[in-house]
Amino acid sequence: MPVFEYAPAPESRDIANLKPHYRPFIDGEFADGSGEPLKSINPATEEVLAEVSTASASDVDTAVKAARRAYDRVWRKMPGAERAKYLFRIARLIQERARELAVLESLDNGKPIKESRDADIPTAAAHFFYHAGWADKLDYAGYGPDPKPLGVAGQIIPWNFPLLMLAWKIAPALATGNTVVLKPAETTPLTALVFAEICQQAGLPPGVVNILPGAGDIGAEIVNHAGIDKIAFTGSTDVGKLIQRSVAGTPKKLTLELGGKAANVVFADAPLDQAVEGIVNGIFFNQGHVCCAGSRLLAEESIVDELLAKLRYRVSTLRLGDPLDKNTDIGAINSAEQLTKIRELVESGDSEGAQRWTSPCPVPERGFFFAPTVFSDVHQSMRIAREEIFGPVLSVLTFRTPDEAVTKANNTPYGLSAGIWTEKGSRILWMANQLRAGVVWANTFNRFDPAAPFGGYQESGFGREGGRTGLEAYLDV
Ligand code: NAP
Ligand code: MG
């Protein structure tokens, strides 16, 4: 079948208002950090976007003290209805500056503009709107009358959804009356620092939100600071375990959102064309840099050949390239380091005997790109079936009975999400009860809503973000 050719449709980067320097946001002001400056690059071109001044251990101390002052003097005393006004203002400012934020996110992270524009930024605004609604209703959240905040929250986020992960962290913390010290990821600090400007625009009292760019050591400084009451971390399971060890024996509360290796289970009776769209969305959305990505496809044996043929055709139509082009489906891998990790795992798939198919799409010479890849003949013992690749690589396994599908789906140390594709409602309910995963999607994948709690089992972490349940992580219940 012929594939339509598309003319280039690049979004202008001017609207990102890129500045040569960005600085930490402490106590309501931008200030030079005394850490080693870092350069944030555009992973699609390898060009330096901006120099970012970073925080040092003493800046962490200053920020935590500012957050404590803001907590004691202003924020925890403020009626919920007043806190809600700030959250609503922030939500509206994110909407007003949505195009600027979307272009900046795509530049700094490498994700396609259609995703930052249609998913990341609107969902970030939605989290503030949703939590603004809770701020004056906490008495009715099911945690008894007048539930109390925890104090100062230290929050550490990864690079895959920079502004959205910030929203998942900051919105519930502020709604419940906590103040915040947040560290964005080293490779994607820019939208967090524009968010700091939004806090100023919204007139948020100084110290309620502090943003400290820096590397992992600054994350550790935040975790270990005695003035922190609660840690919320999203990132890798290894760092999550380190953090859990370092808060053991302290009164700090902890929630961890970690890795995943989700099963996307397709039964023979599923509408296959629809399932193909869900599989593509499940693993190729955001270049597969998604903790809940459907990275293990479990296909019923009788339809695996037909499904693979449809899937390969569909994947071969995905357009890879300039993240700012509105027609781009697959953007850049976020860093050279991540690209190396993906390549290493893909090589292990080859050497362990899986069958590799790679989309024939052209790959730009500069920048960090990886063509969408599907491995078939994958066995459960292979690394590509067990380890999180965090890239556009799908591992396909098969099953014959629903019991076998459940056993294979649950054969993972993780447990963040799962997908089920079948016409039978009773089977969906049965499967959903058997699968050990925080989120189970049926005949869809990667659907998010601020009202729905998100979180994991086992090595995918603990605690929930979003929904009424997500408030619990920031309240003394
Ligand atoms: P990562 O290396 O764990 O980094 C996450 C954050 O922690 C970054 O800000 C990082 O700083 C910081 N950090 C590194 N070492 C630290 C330490 N010793 N103490 C405190 N903070 C430290 O993870 P990543 O590779 O950036 O992110 C990918 C991982 O996140 C994947 O495993 C993915 O599944 C997971 N993830 C989970 C969810 C979820 O909701 N469950 C959502 C998104 C991503 P630097 O930026 O300087 O490294
Ligand atoms: Mg960057």
Side-chain angles (χ1 to χ4, degrees), residues 18 22 35-36 38-50 52 54-55 60 104-111 154-162 164-166 168-169 182-192 212-225 228 231-247 255-262 286 288-293 295 323 332-338 341 367-368 387-391 414-417 437-439 448 453-457 459-466 470:
L18 202 57
Y22 288 80
E36 203 47 41
L38 63 85
K39 290 183 167 60
S40 201
I41 65 161
N42 175 352
T45 59
E46 301 176 50
E47 77 184 297
V48 172
L49 290 171
V52 181
T54 71
V60 171
L104 189 60
E105 198 77 304
S106 282
L107 284 171
D108 202 17
N109 169 280
K111 64 176 71 207
Q155 307 183 318
I156 297 161
I157 57 172
W159 44 261
N160 56 343
F161 294 94
L164 183 57
M165 288 300 108
L166 172 150
W168 281 29
K169 297 271 178 286
L182 175 137
K183 187 193 93 64
E186 218 179 328
T187 56
T188 54
L190 302 186
T191 47
L212 303 182
D217 58 326
I218 289 307
E221 290 291 341
I222 295 173
V223 168
N224 295 320
H225 196 289
I228 294 279
I231 313 285
F233 172 79
T234 295
S236 61
T237 296
D238 287 346
V239 174
K241 286 179 180 174
L242 253 170
I243 291 177
Q244 193 171 13
R245 248 177 252 129
S246 50
V247 304
T255 44
L256 297 175
E257 303 271 4
L258 310 174
K261 190 75 187 175
N286 202 32
H289 301 327
V290 184
C291 49
C292 55
S295 52
I333 301 302
N334 180 250
S335 63
E337 195 187 357
Q338 186 60 24
K341 190 182 140 195
F368 315 133
E387 295 179 32
E388 187 179 42
I389 301 174
F390 225 57
Y414 297 112
L416 198 52
S417 67
V439 182
F448 298 98
F454 183 89
Y457 278 81
E459 294 207 354
S460 289
F462 47 80
R464 294 293 177 263
E465 292 184 312

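Just so you know, ligand 1 is whichever comes first in the structure, and atom 1 is the first atom listed for that ligand.
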Flag the pair [X] / [Y] as yes when at least one side-chain heavy-atom distance between them is below 4.5 Å, and no otherwise.
| X | Y | value |
| --- | --- | --- |
| Pro162 | Thr187 | no |
| Cys292 | Phe448 | yes |
| Trp159 | His289 | yes |
| Phe233 | Thr255 | no |
| Asp108 | Asn42 | no |
| Phe454 | Glu257 | yes |
| Ile157 | Trp168 | no |
| Glu465 | Lys169 | yes |

Could you tell me the residue and atom name of the protein heavy atom closest to [atom], and the distance to it rounded to 0.1 Å?
| atom | answer |
| --- | --- |
| atom 27 (O) of ligand 1 | Pro158 CB, 3.5 Å |
| atom 13 (N) of ligand 1 | Gly216 CA, 3.6 Å |
| atom 46 (O) of ligand 1 | Glu186 N, 2.7 Å |
| atom 9 (O) of ligand 1 | Ile157 O, 2.8 Å |
| atom 39 (C) of ligand 1 | Cys291 SG, 3.1 Å |
| atom 19 (N) of ligand 1 | Ala220 N, 3.5 Å |
| atom 11 (O) of ligand 1 | Lys183 NZ, 2.9 Å |

Any idea which part of [X] is under 4.0 Å from ligand 1, heavy-atom wise: side chain, backbone, both or neither?
| X | answer |
| --- | --- |
| Leu416 | side chain |
| Asn160 | side chain |
| Val239 | side chain |
| Glu388 | side chain |
| Phe390 | side chain |

Are any of the N/O atoms on Thr234, whether in the backbone or the side chain, positioned under 3.5 angstrom from an N/O atom of ligand 1?
no
Report yes if Leu258 has an N/O atom closer than 3.5 Å to an N/O atom of ligand 1; otherwise report no.
yes
Option of least heavy-atom distance to [atom] (set: [options]):
| atom | options | value |
| --- | --- | --- |
| atom 30 (O) of ligand 1 | Gly461, Gly235, Ser417 | Gly235 |
| atom 1 (P) of ligand 1 | Ala293, Ser236, Gly259, Pro162 | Ser236 |
| atom 20 (C) of ligand 1 | Gly219, Ser246, Gly438 | Gly219 |

Judged by non-hydrogen atoms, does Phe454 sit under 4.0 Å from ligand 1?
yes
Does any N, O or S atom of Thr187, backbone or side chain, fall under 2.8 Å from the Mg ion (ligand 2)?
yes
Strictly less than 4.0 Å: does any protein heavy-atom distance to atom 4 (O) of ligand 1 fall in that range?
no
Electrostatic pair Glu221-Lys183, nearest N-O below 4.0 angstrom:
no
At the Mg ion (ligand 2), O of Ile41 and OD1 of Asp108 open up to roughly (10° bins) 100°
Judged by modelled atom types alone, do Glu105 and Thr191 share a side-chain donor-acceptor pair under 3.5 Å?
yes
